[in-house]
There are 2 protein chains.
Amino acid sequence: MATPLPPRRRPTMVDVAARAGVSRALVSLVFRDQPGASAETRARVLAAAEELDYRPDSAARLLARGRSRTLGVLMTVREPFEADLVEAIYPEAERLGYEVLLSARTPGRDEATAVEGLLAHRCEAIVLLGPDVDDAFLAALGARTVAVVVGRAAPGLDSVHSADAEGVRQAVDHLVGLGHRAIVHVDGGTGPNAAARRTGYLTALAARGLGDRARVLPGAYHEDAGIAAAQTLLAGPELPTAVLAANDRCALGLLDSLRRNGIDVPGQVSVVGYNDDRLARLSHVDLTTVRQDAGLLARHAVRAAAARLDDPDRAPGETVLTPELVVRGTTAPPVRGERR
Amino acid sequence: MATPLPPRRRPTMVDVAARAGVSRALVSLVFRDQPGASAETRARVLAAAEELDYRPDSAARLLARGRSRTLGVLMTVREPFEADLVEAIYPEAERLGYEVLLSARTPGRDEATAVEGLLAHRCEAIVLLGPDVDDAFLAALGARTVAVVVGRAAPGLDSVHSADAEGVRQAVDHLVGLGHRAIVHVDGGTGPNAAARRTGYLTALAARGLGDRARVLPGAYHEDAGIAAAQTLLAGPELPTAVLAANDRCALGLLDSLRRNGIDVPGQVSVVGYNDDRLARLSHVDLTTVRQDAGLLARHAVRAAAARLDDPDRAPGETVLTPELVVRGTTAPPVRGERR
DNA sequence: CGGCGCGACTAGAGCGCTCTAGTTCCACGA
DNA sequence: TCGTGGAACTAGAGCGCTCTAGTCGCGCCG
């Protein structure tokens, strides 16, 4: 139907070889930066390639060498924290000599489809961002290829995530230190890590002798959950003086909803998020939050994948990074000595 | 160094063929859904493939057939509007029988690098999202491959974008219709389309006899520009009653900054964005904005790429879609008959 | 009963690379 | 004078597919 090849054929190694007056193999050497070509030949080959606007075809290259040296990254397009991760994956992958292929999970395209696409392109390992994938799927994937999960624990696979309970503890300690006693947690519902954060919250409160003041509001990892939680709080008899949200997006919804209803943050209510994504850092948001260092997570993930690829027998490991509270503008001491 | 092949070799067509007791070619037929295999053979092949967990290697496939049927998409990871576009590109590409490869431009990875990656993977066409690419680059790219630009005009290339002047006109008309006279425009600076929107604003005001009331504040396509603009306005002698922001992100910064300073939106100041990205639609933002239909833009872009690929001699075309004002909660009539 | 067309299937030549195993050529030392 | 070793380069066999040009058998027609 259509012309099988574009009018001006893409140049190949043969063309370059012919133009430079050498063999195909030599061109290959030059392009792989291997020893075995004299400086002037090398220059001649490069010049010829330049003139022809030649660039190696990675499909062929991939086919010919055993390894593709390609990492597949499964992501969503909406999550700011994942964007931070992606940005950090590229340089680390490059450093280790890997290419990166991105595949997005969208409402109409599930993780299985996205992963098939990556695997068909011979990705040697898959890095799964954002923990919204189910366990069975992960297990199956892990059996088929090298997979690294970022953002949550994944039994049997390599995973890189941060210590949620510790992060939450820091947040709680910060709030308690400021004088807060009525600290509500809007949780992540059934979302991944939500249980860990919830438990962390309860434990931290108990440790501060505030176990009986614990109050968990059902939530989720997105803005709407924050909004809903704000409605619940506003409808209640008395506002807490501080709220610990499931993540930054949830905190954002909460923040906006509170302010819209005339509540001063942090004057009347302090708000703490979780993740420290780009949005939280924006000057107009200026959210106090628990930082999960995206760069560090990404680097560890890429390294885990590479290490696993170099040594397939390596036992899968869980890397747990310590999160760190970042105090910004949404937390302050409570208004005044609260009643009771 | 490392084992060149993973312990359990990935199965190939030969394995499937052997197991099904047919030739390699027949397996190929079956997997390409071509006629020439009987129903039972087809079933047998599929069963064998299933048992072996075989899946075709797209590198080899790509190499063997002339065309890769792959579309490369150049994106950023941060722009919500681009996320909307990506989500819409997948289904349309699939419908037309194309695979999609994503490549991100990040602070540390310029568009040239991102595009090289895509091209090396034999993408037949590149769809460039977000117009943040320079003209010279586009021209060079257009000469090398099929390229479609989404979001702005690109002389000499296929492009799909919306009529900015028209969108701005609708916004202005809406505001004027509500009774606003003091309408400020925070522009997109030197950003793409900024000039068109600026001119559209001036023209629309003039058409309403408000030419002398025009006021353009220098801005950009991100939140910080909105914040800065808010500061400028707040520092001024009198607030305008309405602000037309360069895009939604800018509007968001503006919105937040105004509200933080105790300004009621839309009570005291109305705010209008541009794009209607996912963020604008969030219930806590509820921004009146000019919708660029991401789905439509994406579909047109993919179709343009496909059409171009089917007929390389097709002249590059500019598709201009009509944007549409979406009235939400950030616009209202001005407080009261303003002075003068 | 020979030929023909057709459905089912196969052989084998690429696609553009990589990589192993050479081959050439040229010092250089004994 | 003849190895000998190393640098520079080449031949050719794949990698896992696709696709063209078959072959084979079978029912059917004249």
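Chain A is the first sequence line, chain B the second, and so forth, proteins listed ahead of strands; every chain is numbered from 1.
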Less than 4.0 angstrom from a charged side-chain N to a carboxylate O is my criterion; do [X] and [Y] meet it?
X: B:R55; Y: B:E50; answer: no
X: B:R144; Y: B:E116; answer: yes
X: A:E124; Y: A:R69; answer: no
X: A:D158; Y: A:R308; answer: yes
X: A:R78; Y: B:D277; answer: no
X: A:R152; Y: A:E318; answer: no

Whether [X] contacts [N] is assessed here as follows: a side-chain N or O lying under 4.0 Å from the phosphate OP1 or OP2. Is that the case?
X: A:S23; N: D:dT10; result: yes
X: A:S38; N: D:dC9; result: yes
X: A:T41; N: D:dC9; result: yes

Residue A:E94 excluded, over 12 heavy atoms near CD under 6.0 Å: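 It does not: A:E94 CD has 12 such atoms or fewer within range.
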Over 12 foreign heavy atoms within 6.0 Å of CD, B:Q34: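 Yes, because the 6.0 Å sphere around CD of B:Q34 holds more than 12 heavy atoms from other groups.
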Sugar-phosphate, base or nothing in reach of B:V22, heavy atoms under 4.0 Å: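 Sugar-phosphate contact only.
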Touch class at under 4.0 angstrom, heavy-atom based, for B:R42 against every strand present: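 Counting heavy atoms under 4.0 Å across all strands, no contact is made by B:R42.
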Nearest non-hydrogen partners of A:A294 and A:D84, listed with the distance: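 It is CB-CB, 3.6 Å.
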Whole-Å distance between [N] [atom2] and [X] [atom1]?
X: A:D57; N: C:dC15; atom1: CG; atom2: P; value: 12 Å
X: A:R122; N: D:dG16; atom1: CZ; atom2: P; value: 6 Å
X: B:E40; N: C:dG7; atom1: CD; atom2: P; value: 15 Å
X: A:L26; N: D:dG12; atom1: CG; atom2: P; value: 16 Å

Selected nucleotide, minimal atom distance to A:A37 side chain, candidates C:dT10, C:dG16, D:dC9: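 That would be D:dC9.
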Considering only nitrogen or oxygen atoms on both sides, find all protein atoms under 3.5 Å from nucleotides 21-25 of chain D and state each distance.
none

Pair A:H121-B:E99, side-chain donor/acceptor within less than 3.5 Å: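 Looking only at side-chain atoms, B:E99 and A:H121 do form a donor-acceptor pair, the distance falling under 3.5 Å.
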Terminal axis angle for the helix from C:dC1-D:dG30 to C:dA30-D:dT1, five pairs an end, nearest 10 degrees: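 Computed from the C1' atoms at both ends, the axes differ by 70°.
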B:S58 side-chain N/O to B:R61 backbone N/O, donor-acceptor pair under 3.5 Å: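 Side chain of B:S58 to backbone of B:R61, a donor-acceptor pair under 3.5 Å: no, none is there.
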Please tabulate the protein-to-nucleotide N/O contacts below 3.5 Å involving nucleotides 18-20 of chain C, giving atom names and distances.
| residue | atom | partner | partner atom | Å |
| --- | --- | --- | --- | --- |
| C:dT18 | OP1 | A:R61 | NE | 2.8 |
| C:dT18 | OP1 | A:R61 | NH2 | 3.2 |
| C:dT18 | OP2 | A:S28 | OG | 2.6 |
| C:dT18 | O4 | A:R24 | NH2 | 2.6 |
| C:dC19 | OP2 | A:R32 | NH1 | 2.7 |

Given DNA chain C, 5'-ward residue of the pair B:P35 and A:T12, judged by closest heavy atom: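 Residue closer to the 5' terminus by nearest nucleotide: B:P35.
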